[in-house]
Amino acid sequence: MDVSITGVGMTRFESDAQASTLELAERVAWDALEDAEIDSSAVESVHVGNMAAEALDSRTGLENAVCGALGIEGATADRIENTSASGASALLRAVDAIRAGRSRTALVVGVETMSSVDTDTATDVISSLTHDREYVQGLTLPSFAGLAADAYLERYDADREALAAVAVKNHRNATVNPYAQFQKEVTLDEALKSPPVAEPLRLYDCCPTSDGAAAVVLTADGDGEVQLSAIEGATGSHAVAERADPLEIESVALAGERAMARASISHEDVDVACIHDAFTILELLELEELGFYDNGQAWRATLDGRTDRGGELPVNPGGGLKARGHPLGATGVSQVIELVWQLRGDAPGEGRQLDDPDVGLAINVAGFGNNSICTIVKRA
Amino acid sequence: MNESREPTVESDDAGQAFRCTNCSSSWYYTRGRCLDCGSSSFETYRLGPGRVVATTTVHATPPGVRTPNHLGLVRFDDGVSLIAQLESSGVSVGESVGFGEIVTLREGDATSIGPQLTTE
């Protein structure tokens with residue numbers, strides 16, 4: 001069964017959108033339906049990706065509230081939770097619904113509002129995804145990233161510039177993305193001298209907290225301009241220390257391998273990639289786990305500009321989580337929207353359109369690799 | 001009759017791991033059964049010295065957790081690896097560490113106490 005992406009809608013990601021989770025979800029859902037040129041009555045299934053609306057915005061039953069707001073009646077609807085990969089998980093469920101024949105038109109909404117609680121509460125809610133024995137040690141997501149970065153720099157004899165280069169590139173890409181939270185350049189020096197967060201990681205090695213939403217419409221036909229060729233997920237270890245190698249994210253490798261096999265493509269076919277760079281180190285590790293670069297080589301490729309917008313493999317042309325922002329449940333959907341824009345040739349923003357890409361790949365990662373989903377889209 | 005112990009994380013046992021009494025497989029991250037043989041019968045044991053694989057010092061910590069928080073990824077015998085608080089900064093990769101004094105690891109609704117890792 002062919003699955004087309006026929007409409008997209010997205011809010012700008014912001015540190016405080018001054019809107020509720022439901023309002024953001026409603027806004028992007030309308031935008032995606034309009035872009036797809038369909039009425040809400042055509043929607044047969046609704047898949048909402050969201051990590052923690054009950055804890056962060058006192059909202060449960062988000063999927064039904066979205067249906068109510070849009071006047072969608074008689075659809076099947078769920079909220080899908082897979083921490084920071086809730087968005088891509090919702091997309092996966094939508095594709096499954098279409099392939100199974102349950103739905104001919106699916107609406108996927110990824111959304112998160114993180115500004116309505118203080119930073120301490122948000123940190124604690126996110127830390128609750130860790131194993132109990134990780135939690136008692138005070139581990140946060142930046143803690144895992146700091147340890148992995150320490151191991152990476154040590155093993156490959158790299159210095160902090162290798163990490164900062166990712167931040168500089170992604171910030172540069174975001175300067176011309178009107179949907180990005182940070183539309184400003186960061187110099188290598190600024191990144192290197194920013195305050196330490198989880199050493200060796202600095203402030204500019206870490207994504208922000210964000211409010212935002214993103215939606216896509218999927219239809220069961222092969223006529224759309226952009227086809228969703230494959231979407232595959234894989235779980236990894238829950239406790240991060242149980243991995244045989246601290247630089248290994250097995251869920252990313254497995255999801256990528258499965259998606260590329262299903263889409264019948266090889267690495268050379270991929271023209272643009274959206275990588276889950278919640279931390280600069282993750283962009284390097286994921287590029288290596290996905291097989292785009294050998295182990296210990298992604299940092300050199302980044303420093304050499306090979307992952308720039310004009311490089312051999314443009315990575316995170318929209319700014320990534322680092323600069324576009326990371327409203328947890330919205331991120332996975334926003335990655336795929338960036339790919340759709342690039343493939344349709346209408347990427348918003350001055351000079352942001354890549355040169356005629358045909359195939360795009362996105363990887364959305366839950367926690368520090370607990371579960372990953374890889375999506376591959378092709379221009380029809 | 002099942003003789004297994006409930007594998008709950010007691011407030012003072014961060015220095016202990018689990019060992020299957022059927023196949024001797026070891027693990028640290030609490031689960032109800034041995035993943036190698038499926039047995040739910042296991043005992044706890046005190047971890048001996050381990051080797052530091054990576055370290056970080058975290059400056060933005062959650063409520064109830066010390067700032068800065070020095071952490072180490074440490075490998076022990078029997079294939080057990082864990083991430084735990086280091087008593088102090090300045091511990092290097094490759095150094096040997098063991099669990100030392102009991103301190104407060106995390107304050108809050110359910111305060112957690114346990115040993116921190118220290119160089120020997």
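Here is how names work: the chains are called A, B, and so on, in the same order as the sequence lines, proteins then strands, and each is numbered from 1. Note that this is a predicted model, so its numbers are computed, not measured.
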Open item on the list: Please find the pair of heavy atoms, one from B:Tyr29 and one from A:Glu242, that lie closest to each other, and give the distance.
Closed with: CB-OE2, 3.4 Å

- [ ] Kindly indicate whether the side chain of A:Val197, heavy atoms from C-beta on, has any atom under 4.5 Å from the side chain of B:His59.
- [x] no

- [ ] Determine, step by step, whether A:Gln137 and B:Leu105 satisfy the side chain to side chain contact (heavy atoms under 4.5 Å, CB included) criterion, reporting the C-alpha distance in whole Å, the side-chain angles of both residues, the deciding distance to 0.1 Å, and the verdict.
- [x] CA-CA 6 Å; A:Gln137 300 291 338; B:Leu105 297 171; 3.9 Å; yes

Task: Residue, of A:Pro195, A:Gly146, A:Pro200, A:Ala151, that accumulates the most heavy atom pairs under 4.5 Å with chain B - done: A:Gly146

Task: Derivation and outcome, side chain to side chain contact (heavy atoms under 4.5 Å, CB included), residues A:Asp132 and B:Thr30 - done: CA-CA 8 Å; A:Asp132 287 350; B:Thr30 319; 6.0 Å; no

TODO: Can you tell which part of A:Asp118 gets under 4.5 Å to a heavy atom of chain B, answering side chain, backbone, both or neither?
DONE: neither

Open item on the list: Rounded to the nearest 0.5 Å, what separates atom CZ in B:Arg106 from atom OG in A:Ser127?
Closed with: 6.0 Å

Task: chain B contact via A:Thr140 - side chain, backbone, both or neither, heavy atoms under 4.5 Å - done: side chain

Task: 4.5 Å side-chain heavy-atom contact, A:Arg133 and B:Asp13 - done: yes

Open item on the list: Under 4.5 Å from any heavy atom of chain B, what part of A:Asp124 do you find: side chain, backbone, both or neither?
Closed with: side chain

Open item on the list: I'd like to verify something: which residue of A:Glu134, A:Arg243, A:Glu199 has the highest number of heavy-atom pairs under 4.5 Å with chain B?
Closed with: A:Glu199

Task: Portion of B:Arg66 that has a non-hydrogen atom of chain A nearer than 4.5 angstrom - done: neither

TODO: Could you tell me which portion of A:Ala149 (side chain, backbone, both or neither) has an atom closer than 4.5 angstrom to a non-hydrogen atom of chain B?
DONE: neither

Open item on the list: Can you tell me which portion of B:Val58 sits under 4.5 Å from chain A's heavy atoms? Options are side chain, backbone, both or neither.
Closed with: both

Task: Distance (rounded to the nearest 0.5 Å) between B:Arg31 CZ and A:His131 NE2 - done: 6.5 Å

- [ ] Quick one: closest heavy-atom pair of A:Gly138 and B:Pro62, and the distance?
- [x] O-CD, 3.6 Å

- [ ] Please examine the side chains of B:Thr55 and A:Asp150, heavy atoms only from C-beta on, and report whether any two atoms are closer than 4.5 Å.
- [x] yes

TODO: Name the region of A:Tyr135, side chain, backbone, both or neither, that has any atom closer than 4.5 Å to a heavy atom of chain B.
DONE: both

Task: Closest-packed option against chain B by number of heavy-atom pairs under 4.5 Å, given A:Thr123, A:Asp120, A:Thr119 - done: A:Asp120

Task: Segment of A:Pro196 engaging chain B (4.5 angstrom heavy-atom cut-off) - done: both

Open item on the list: For B:Thr56 versus A:Ala198, what's the shortest heavy-atom pair and its separation?
Closed with: OG1-C, 3.2 Å

- [ ] Would you check if B:Ile83 and A:Leu147 make a side-chain contact, meaning some heavy-atom pair closer than 4.5 Å?
- [x] yes

